[in-house]
Amino acid sequence: MMQQKATVDRILTDGKAEVLVVRESACSGDCHKCSGCGSVKQTLRVTAQNLISAQRGDIVYIRSESAVVLKAAALVYLLPIVAFLAAYLAAMPLGVWAAVIACSAFVLGMLPAFAYNRRIKNRPPTYSIVGYVR
């Protein structure tokens with residue numbers, strides 16, 4: 001399970017709420033510690049099950065399944081690199097063509113990530129409000 005802070009923006013009628021989640025960079029926004037990276041924070045608006053009857057303006061924790069993020073990371077980062085290396089090693093006897101084949105395998109290795117992204121857009125992950133930030 002993945003848990004992050006969010007601010008309740010709007011209460012919906014079906015036991016849900018719209019929350020605002022600030023997506024921070026990998027450095028977690030502590031720019032003063034490393035002289036700043038210049039990354040831009042992005043605010044996402046998601047719908048979450050309001051399990052604790054939070055009200056507008058409350059700062060809460062929301063929880064979601066981490067499997068979605070882990071699958072996406074594997075498809076985006078791991079699969080293309082594994083495809084590249086496997087194709088390159090298999091095509092090494094072909095000399096110069098090994099690089100061309102490996103690059104083609106890398107691009108083909110990215111196709112499942114695009115398909116998974118399309119599937120996630122059609123069926124977004126579910127979020128639940130699980131507690132207040134103290």
Side-chain angles (χ1 to χ4, degrees):
M1 292 282 188
M2 191 168 70
Q3 186 169 299
Q4 50 196 151
K5 290 181 188 177
T7 303
V8 178
D9 188 50
R10 189 166 63 120
I11 304 300
L12 304 175
T13 57
D14 54 354
K16 296 182 179 180
E18 274 189 0
V19 296
L20 302 174
V21 181
V22 177
R23 179 190 284 175
E24 301 205 11
S25 69
C27 68
S28 73
D30 295 334
C31 295
H32 65 281
K33 290 182 181 177
C34 65
S35 301
C37 61
S39 68
V40 177
K41 292 182 181 181
Q42 181 181 16
T43 302
L44 303 174
R45 179 182 301 271
V46 298
T47 301
Q49 290 289 332
N50 193 356
L51 302 177
I52 62 171
S53 300
Q55 298 300 311
R56 186 174 193 273
D58 288 345
I59 300 173
V60 296
Y61 286 113
I62 62 169
R63 188 174 289 163
S64 66
E65 291 291 327
S66 57
V68 173
V69 175
L70 295 176
K71 284 180 188 176
L75 288 173
V76 170
Y77 297 111
L78 193 58
L79 185 62
I81 291 171
V82 169
F84 176 86
L85 291 174
Y88 185 77
L89 293 174
M92 277 180 69
L94 299 176
V96 175
W97 285 101
V100 173
I101 292 169
C103 289
S104 299
F106 181 83
V107 171
L108 289 175
M110 291 172 41
L111 293 179
F114 291 124
Y116 187 69
N117 184 45
R118 183 168 298 182
R119 185 173 144 221
I120 292 299
K121 282 184 179 179
N122 293 334
R123 193 175 39 145
T126 58
Y127 298 93
S128 299
I129 300 173
V130 295
Y132 295 98
V133 175
R134 305 269 179 228

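Sequence positions, counted from 1, serve as the residue numbers for this chain. For clarity, every value in this text was computed on a predicted model and none was experimentally measured.
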Taking the side chain as every heavy atom from C-beta outward, state whether [X] and [Y] have any pair of such atoms under 4.5 Å apart.
X	Y	answer
V46	I62	yes
T126	S64	no
T7	V19	no
D9	R56	yes
I101	L94	yes
Y61	Q4	no

Over all heavy atoms of both residues, which pair between [X] and [Y] is shortest? Give the atoms and the distance, please.
X	Y	result
L75	P80	O-CD, 3.2 Å
V8	A17	CG1-CB, 4.2 Å
N50	A54	OD1-N, 2.8 Å
A87	A102	CB-CA, 3.9 Å
I52	Y132	O-OH, 3.4 Å
V130	Q3	CG2-OE1, 4.0 Å

- request: Give, for atom CZ of F84 and atom CG of L79, the distance between the pair rounded to the nearest 0.5 Å.
  value: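 Reported to 0.5 Å precision, the distance equals 14.0 Å.
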
- prompt: Out of curiosity, L44 CG to L20 CG, how far, rounded to the nearest 0.5 Å?
  reply: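 Between L44 CG and L20 CG, I get 9.0 Å after rounding to 0.5 Å.
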
- prompt: Is a donor on one side and an acceptor on the other found under 3.5 Å between the side chain of Q55 and the backbone of S53?
  reply: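 At least one qualifying donor-acceptor pair exists.
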
- request: Determine yes or no for a side-chain-to-main-chain donor-acceptor pair under 3.5 angstrom, with R10 supplying the side chain and E18 the backbone.
  value: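 Judged by distance alone, no pair lies under 3.5 Å.
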
message: Between I81 and L111, is there shared hydrophobic-cluster membership here, with clusters defined by ILVMFWY side-chain heavy atoms closer than 4.5 Å?
response: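 As far as the 4.5 Å side-chain criterion goes, L111 and I81 are connected within one cluster.
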
Single-linkage hydrophobic cluster L108~V76, side-chain heavy atoms < 4.5 angstrom: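 The answer is no; the residues belong to distinct hydrophobic clusters.
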
- request: Go through the steps to decide whether I129 and L51 satisfy the test side-chain contact (heavy atoms from CB on, under 4.5 Å), and finish with yes or no.
  value: CA-CA 6 Å; I129 300 173; L51 302 177; 5.6 Å; no

- prompt: Are Y127 and Q49 close enough, and set up right, to give a side-chain contact (heavy atoms from CB on, under 4.5 Å), and what steps lead you there?
  reply: CA-CA 6 Å; Y127 298 93; Q49 290 289 332; over 6 Å; no

query: Does CE in M2 sit with more than 12 non-hydrogen atoms of other residues, nucleotides or ligands closer than 6.0 Å?
result: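 Atom CE in M2 is crowded, with more than 12 foreign heavy atoms closer than 6.0 Å.
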
message: Looking at Y88, I'd like to know if its OH atom is crowded, meaning that more than 12 non-hydrogen atoms belonging to other residues, nucleotides or ligands lie closer than 6.0 Å.
response: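 It does not: Y88 OH has 12 such atoms or fewer within range.
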
